[in-house]
Amino acid sequence: MRKGILTIAAVGLLATGGLTACSDNSGDKAASAKTPKIGVILPDSKSSPRWETADRRFLEEAFKTAGVQSDIQNAQNDKAAFQTLADQMITGGVTALMIVNLDSGTGKAVLDKAKSQGVATIDYDRLTLGGSAQYYVSFDNETVGKLQGEGLAKCLTDKGAKNPVVAYLNGSPTDNNATLFKAGYDSVLKPKFDAKEYTKGPDDAVPGWDGPTAATIFEQQLTATKGKIDGVLAANDTLGNAAISILKKNKINGKVPVTGQDASVEGLQNILAGDQCMTVYKAVREEAKAAADLAIALAKGEKKETGQTVKDPEGGRDVPSVLLTPKAIYKDNVKDVVADGYVTKEQLCTGTYAKLCGEAGIS
């Protein structure tokens, strides 16, 4: 079991000794003469609770600590609203714009417009394919998927499953992260399918990471396999909870391992109850701090060396990046997420979960 609190990937992360004045055509010289003001556009509040409960909180904390102005808005999965918010922020004088795109097309249009107006840009959490962001800050998303695949394999082994049928509930097809997660868990599970150790079941993407849609899809998967699904690779806790709701309806929750991601309160409670086998914890405070540091530097007309790059497969660019390290969470280390301040005991250990928290060593 992986122990300890999540740490940042070590490769040259935000090397403060690498500060240099930036003089490219992105308007950084103009930015250096202005008071820093950072605009942030979050994607929604339905695909995962993290955007409002964690990212907003930790970004606000980072900007406040640095003493800079910020404007954090949520597009609520509306592409038109996303573009309108970006226009308002650019007109309102932001010196750096940080976005979590809804899709690469919308994201690219916003990034390109910001660049044309001399506003520095950062892709936060999701890479905009073909985009022009000066930095990308996220987690190692293939590793996230690998942890999910390993987690599901562990839980199936713990249950003594023989040639289990594994169903996939993948993330949104418009989210590049979902592609990376799938590459990660396929790297673990495909060899097992090829070796006939596991049987590949239904494999479906969930548009917009939408929970109710995921529940409908999973119910259809269960019907199509005549109830023969032995494990569910759900790409995040929202999708995992959707699958669990259908398993409960069929009175087989807890018998079928389900994965997740984001260490949401709901996901952690499902783990404590035995209905979800694992989740992946991503220390959003560290992600927000890294992105805020870069945004503030850009807003001052400075550029930081990250020591890492990610290849944009559509644009062909090597995008300067900060990639953080995710962590697998099972019942015996749920307490680590609480200890890290991501969720509180008061949020997690309500009602019937109070006893389960005690059993899991959460104090």
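Below, each value reflects all heavy atoms present in this structure, side chains not excepted, and no hydrogens, waters or symmetry copies. The first residue of the sequence shown is numbered 1, and numbering continues consecutively from there.
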Measure from NZ or CZ of Lys154 to the centre of the six-membered ring of Tyr330 and say whether it is under 6.0 Å with the direction within 45° of the ring axis. yes
Take Phe63 and Val40 through the side chain to side chain contact (heavy atoms under 4.5 Å, CB included) test and state the conclusion after the steps. CA-CA 11 Å; Phe63 293 133; Val40 180; 3.9 Å; yes
Taking atom NZ of Lys113 as the centre, report whether more than 12 heavy atoms of other residues, nucleotides or ligands fall under 6.0 Å from it. no
Going by distance alone, is a donor N or O of one side chain under 3.5 Å from an acceptor N or O of the other, for Thr259 and Gln276? no
Say whether Asn241 and Glu266, considering side chains only, have a donor N or O and an acceptor N or O under 3.5 Å apart. yes
Where do Thr344 and Val338 land on the side chain to side chain contact (heavy atoms under 4.5 Å, CB included) test, with the steps shown first? CA-CA 6 Å; Thr344 66; Val338 179; 5.9 Å; no
In terms of side-chain geometry, is the basic nitrogen of Lys182 or Asp186 positioned less than 4.0 Å from the acidic oxygen of its partner? yes
Are side-chain heavy atoms of Glu150 and Met278 found at a separation under 4.5 Å? no
If you define the side chain from C-beta out and look only at heavy atoms, does anything of Leu42 sit under 4.5 Å from Gln73? no
Taking the basic N atoms (NZ, or NE/NH1/NH2) and the acidic carboxylate oxygens, is any pair closer than 4.0 Å for Asp230 and Lys228? yes
Identify whether Val165 and Tyr185 are in the same connected component of the hydrophobic contact network (ILVMFWY, side-chain heavy atoms under 4.5 Å). no
Asn170 and Asp203: side chain to side chain donor-acceptor pair (under 3.5 Å), yes or no, with the steps? CA-CA 7 Å; Asn170 307 301; Asp203 181 351; 2.6 Å; yes
Using side chain to side chain donor-acceptor pair (under 3.5 Å), reason through Asp123 and Asn101 one step at a time and then give a plain yes or no. CA-CA 8 Å; Asp123 272 331; Asn101 70 60; 4.7 Å; no
Side-chain H-bond candidate by donor/acceptor type, Ser48 with Asn236, under 3.5 Å: no
Just do the salt bridge (Lys or Arg N to Asp or Glu O under 4.0 Å) check on Lys289 and Glu61 with the steps written out, would you? CA-CA 9 Å; Lys289 177 65 165 58; Glu61 176 185 289; over 6 Å; no
Hey, mind stepping through Gln261 and Asp237 against side chain to side chain donor-acceptor pair (under 3.5 Å) and telling me if it holds? CA-CA 5 Å; Gln261 177 188 177; Asp237 290 343; over 6 Å; no
On the ring face of Tyr168, is Lys200 found with NZ or CZ under 6.0 Å from the centre and within 45° of the axis? yes
Please say whether more than 12 non-hydrogen atoms of neighbouring residues, nucleotides or ligands are located less than 6.0 Å from NZ in Lys37. yes
Has Arg57 got a side-chain atom pairing as donor or acceptor with Trp51's backbone, closer than 3.5 angstrom? no
Do Val284 and Val265 belong to the same hydrophobic cluster, where Ile, Leu, Val, Met, Phe, Trp and Tyr are linked whenever their side-chain heavy atoms lie under 4.5 Å apart, directly or via other members? yes
Test side chain to side chain contact (heavy atoms under 4.5 Å, CB included), reference Pro202, set Ile217, Thr225, Leu169, output is Thr225
Is there a path of hydrophobic side-chain contacts, each under 4.5 Å between heavy atoms, that joins Leu102 and Leu180? no
For residues Ile72 and Val68: do they belong to one hydrophobic cluster (side chain heavy atoms under 4.5 Å, members Ile, Leu, Val, Met, Phe, Trp, Tyr)? yes
One pair to check against salt bridge (Lys or Arg N to Asp or Glu O under 4.0 Å): Glu219 and Lys249. What are the steps and the verdict? CA-CA 10 Å; Glu219 191 157 34; Lys249 182 178 174 181; 2.7 Å; yes
Is there a continuous path of hydrophobic side-chain contacts, each under 4.5 Å between heavy atoms, that joins Ile122 to Phe58? yes
Shortest non-hydrogen contact from Tyr136 to Arg126? CE1-C, 3.6 Å
For side chain to side chain donor-acceptor pair (under 3.5 Å), just list the numbers for Ser172 and Asp175, CA-CA rounded to whole Å, side-chain angles, deciding distance to a tenth of an Å, and then say yes or no. CA-CA 5 Å; Ser172 176; Asp175 182 353; over 6 Å; no
Decide, yes or no, whether a salt bridge links Arg50 with Asp125 under the criterion of side-chain N to carboxylate O below 4.0 Å. yes
Which atom of Val256 lies closest to which atom of Gly231, heavy atoms considered: CG1-N, 3.7 Å
